[in-house]
Amino acid sequence: MSTKEPMPAKAKGGEFRHPMLDQARKLAQEGRPEEAAQLLVTLAEKVKPYEKGQLLAFAADFLCVSDRDRAAGLAEEATRAAPELPQAWIALSNVLLEKRDRNGAIAAALHALDLPKINPAQLANLGRQLSRLGQDAKSLEAVKKGYELSGRALNLAPPTLRVALQYADWDLSGQITAMLAREHAHGKTAQIGETPRTHVLWCGDDATNIAVISNFAEKTFPARPPLVQKPWPHDGKRKLRVGYLSYDYRDHATSLLAMGMMRHHDRDHFEWYGYCTSFDDGSAMRRDILSRFDKVRTFNKVSDMDAAKRIAADKVDILVDLNGLTEGTRHGILAWRPAPVQIGYLGFPGTVGGRFVDYIIGDEHTVPQGAEALYPEHVIRLPHTYQINDYRARYLPPRPARRPEGLPPAGAPVLGMFNNVNKLNPEVWGAWMKIMAAVPTAVLWLLQPGDLAREHLVAATRAAGIDPARLIFAPRMKQEPHFARLQYCDLMLDPWPYGGHTTTSDALFAGVPVLALRGTNFASRVSGGLLRAAGLPGLEQADIASYIRQAVHLLNHPDECEKIRRYLLRNRMRLPLFDAPGRTRHLEAAYREAYVRALRGQPPSHLTVREKRKPAPAAGPLDAGGER
C-alpha cells in the first residue's frame, strides 16, 4: 500500500473503515454504482481477507440492481474471502433475490442468521430480507433479537417496526410507535431516521410526516449544482416538453394509474418523454406504457448525474417524478435540477421533502385549505381527486357463478379489506370487531397476509370474543379475476391512518361501497377524496363511533348497499372519480400554468385548477351529512 494512502482502520464491531469507503458511498449516493464498486474492488486487493470480504460485500450491494451478474460474483467472492462474515452472506442473499434465485437467497440469508459475529444492525437488515423471502417467523425473530441486543436502540426501531407491522405483531409495533411518538415530540426526528413509507403507516399527523420525510430526503439526497437555472425559451408555438421519471414502468400499480394519463395526453401541444429507471420485467404493461411516450430514455445503469445531463440535453420543460421516496427512487436525479420546473405526483401520498421539487399534486381533500402552509413544496390542487383512474379502458368481468371459497351462503353480509396487513393496527381491528359483534352473521374477507400474520389476526379476533372462523382469507390474484370476486363483497372497510388508495377506487369500480374514516394527513384522506369524487361523501365518517354505527346500519339494511352498488355500476363511466380524460386535461392545465409562471420569472405558487364543466352525477344515494 502506498505510504500516501491512509491506512485502514476498524470501527466498533469490526466494520472496516477507510476514506475510500466513504468516497465509494458518496459515488453510490450520486447514482454512480459502477464507479463506487470498482473503487472498493481495487482496494480489496490490498487488504486482509476479512476486510476484503467486507469491501466486496459493499461493492456487491452497490451493483445489486444495475449489474446483477457482477454483483453476484463479488458477493460469492466475499463469502469465500470471509466465510464467517454475515455482511457477505446478506449481500449474496440480496443479489440472488434480484436474480430471481429465491432458494439460493433463502439459503444465504439463513446461513447469515446462524453466524456468531452477526450484530444487531445486521439482524435488522436480515429480518427485512427474510420478510421479502417469505420466511415470516425467522424474519420477526431476527428483528426482535437485533432490537433487544441493541438495547432497543432508537435507530433500529424503524426497521423493527416495519417487520412487526408486516406480521401484525401489534404488541411490538405498539411499543415502538408509542416510543417513536414520544421521541418525535421531544425533537428527535433526525436521530430516529425513519423511512417515509413505514412512517406514514402509523403516524397520521401532517406536520410530523413532513418533518420525518424532509429529514430523510435531506440525509439521503445531498444538493447538487443545478444544471438548468431558467426556463427554456418558448415562443408559444413549440410543444411543451414534459418528462415522466419512474422506476415503476413495469407490472406495478403506479403504471396502471399512469396509463390513465398516457392514453389521453394531448400530443398536439405537448411532447412526452419517458425516463425509465427500472429493470425490464417482460410485462405487457411495461411495453404498453413505454410505447405511449414520444421518446424513451433508460437510466437503470446510468448515474444520477449522467441521467440528469441527458434530461437537461433533452430540454425538458417540466420533469414529473412518479416515484416519490418509494422503492427504487432516483430522487438524486432531481437534485441536479435538470428541468426548470420539477413536480412530484402519484407515487407517494404527500411531501417528498421539497428542495428539488417545486410542486406536489393533490386535491382539496387530501390537502385541505390551510394545510399547504405545512408543505416545503407548493401544492397543485386538481378538481375532485388527484388520483387518475383509467377504468374506462377496463372491463368489469361478471361476478363468478360460484362464490369464492370460504364465503358464506348468499344473505350473510360480507365485509371486505384488501389492503396489505401492514395498514392494520389494534385501534382499527378493535373497531372492526365491534362491527362483527353487532352483526353476528357477518364475515370479514381479507387478503391472505401470510401464515404468521394470519396467526396473529386469528389470536386478536379470539381475544375480542369473535369466532376466528368468521375471518375468510382470499388468495392474491390478477386484477381481472379480483374485480370479478370483489362483487361478492357487501361493504369494504377502509383502515387508518394509511387508508386505501388504489384498493378504494378498485372497490368502487366493482360497485362495492367503501366506508372510510375522515383523515388527518394526505395518506389518510385519499379514500375520503375518492368517495367524494364518486358522489358518496356520506361514506366518509367523522369519528370511529360514527364509522362503527354506519357499518352496522348498512349491514343491517342491505337494500342501501344495493342502492349504492346500482348507482356506482350505472354511473361509473360518468363519475369524476373515473374520468381519466378530464383528469389528464386538469394535469395539463397545471403544467401550463406552472411553466408560464417560470417563464415570467415568478416563483412557484400554490395553484388550484378549476373544473370548467359541471360533473354528473353530482351526488350519490347517501346524504352528504355522513353520520346517521
Side-chain angles (χ1 to χ4, degrees), residues 127 131 136-145 147-148 152 157 160-181 198 201-204 406-408 412-475 489-500 515-517 524 541 543-552 554-556:
S131 174
D136 301 1
K138 292 286 188 182
S139 168
L140 190 56
E141 176 190 341
V143 295
K144 281 184 172 180
K145 183 179 177 181
Y147 189 48
E148 293 301 328
R152 300 195 170 194
T160 305
L161 175 61
R162 179 186 180 122
V163 174
L165 289 171
Q166 188 62 41
Y167 299 125
D169 186 333
W170 295 333
D171 287 340
L172 180 57
S173 66
Q175 292 171 25
I176 293 175
T177 54
M179 181 270 291
L180 291 179
T198 300
L201 286 171
W202 71 271
C203 181
L407 290 188
V414 177
L415 291 161
M417 203 294 291
F418 284 85
N419 287 280
N420 284 328
V421 69
N422 60 10
K423 291 186 178 182
L424 300 181
N425 57 64
E427 184 178 74
V428 170
W429 199 254
W432 292 357
M433 293 301 100
K434 289 179 181 178
I435 296 167
M436 297 279 279
V439 187
T441 56
V443 298
L444 179 55
W445 196 19
L446 303 158
L447 196 62
Q448 171 58 261
D451 292 343
L452 184 58
R454 179 172 176 160
E455 287 177 18
H456 289 153
L457 295 180
V458 165
T461 302
R462 187 177 288 113
I466 302 297
D467 183 358
R470 294 170 64 190
L471 301 182
I472 313 299
F473 294 95
C489 188
D490 295 294
L491 178 65
M492 195 70 70
L493 296 176
D494 197 49
W496 62 85
Y498 196 136
L515 186 64
L517 185 68
S524 63
Q541 298 299 299
D543 54 55
I544 296 173
S546 302
Y547 178 101
I548 294 169
R549 283 197 298 271
Q550 178 77 312
V552 171
L554 288 170
L555 294 177
N556 286 328

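The analysis underlying the following values was restricted to heavy atoms, covering all of them including side chains, and did not include hydrogens, waters or symmetry mates.
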Under 3.5 Å, side chain of [X] to main-chain N/O of [Y], donor-acceptor pair present?
{"X": "S131", "Y": "G127", "answer": "no"}
{"X": "D467", "Y": "R470", "answer": "no"}
{"X": "H456", "Y": "W170", "answer": "no"}

Check the pair V421 / L447 against side chain to side chain contact (heavy atoms under 4.5 Å, CB included), numbers first and verdict last. CA-CA 8 Å; V421 69; L447 196 62; over 6 Å; no
Value rounded to 0.5 Å, distance of [atom1] in [X] from [atom2] in [Y]:
{"X": "N425", "Y": "L201", "atom1": "CG", "atom2": "CG", "result": "10.0 Å"}
{"X": "M436", "Y": "W429", "atom1": "CE", "atom2": "CH2", "result": "7.5 Å"}
{"X": "L517", "Y": "Q550", "atom1": "CG", "atom2": "CD", "result": "12.5 Å"}
{"X": "D494", "Y": "Q541", "atom1": "CG", "atom2": "CD", "result": "12.0 Å"}
{"X": "L444", "Y": "L457", "atom1": "CG", "atom2": "CG", "result": "9.0 Å"}
{"X": "Q175", "Y": "R152", "atom1": "CD", "atom2": "CZ", "result": "5.0 Å"}

Do you know which two heavy atoms are closest between [X] and [Y], and how far apart they sit?
{"X": "N419", "Y": "P495", "result": "ND2-CD, 3.5 Å"}
{"X": "L415", "Y": "C489", "result": "C-SG, 4.0 Å"}
{"X": "S524", "Y": "P497", "result": "CB-O, 2.6 Å"}
{"X": "A168", "Y": "A453", "result": "CB-O, 4.3 Å"}
{"X": "P468", "Y": "T461", "result": "CA-CG2, 4.0 Å"}
{"X": "M417", "Y": "L424", "result": "CE-CD2, 3.9 Å"}

For Y547, side chain to side chain donor-acceptor pair (under 3.5 Å) partners two or more places apart: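 Partners of Y547 by the side chain to side chain donor-acceptor pair (under 3.5 Å) criterion, ordered by chain and then number, come out as W432.
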Partners passing side chain to side chain donor-acceptor pair (under 3.5 Å) against K434 (at least two apart in sequence or in another chain):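 For K434 there are no side chain to side chain donor-acceptor pair (under 3.5 Å) partners, ignoring immediate neighbours.
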Do Y167 and S139 have side-chain heavy atoms sitting under 4.5 Å apart?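 Y167 vs S139: side chains touch.
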Do E141 and K144 come close enough that some side-chain heavy atom pair is under 4.5 Å? no
Greater than 12 external heavy atoms within 6.0 Å of K423's NZ: yes
Run the ring-centre check on W445 versus F418 and record whether the distance is less than 6.0 Å. yes
For F473, check ring-ring contact (aromatic ring centres under 6.0 Å, His included) against everything at least two apart and list the hits. none
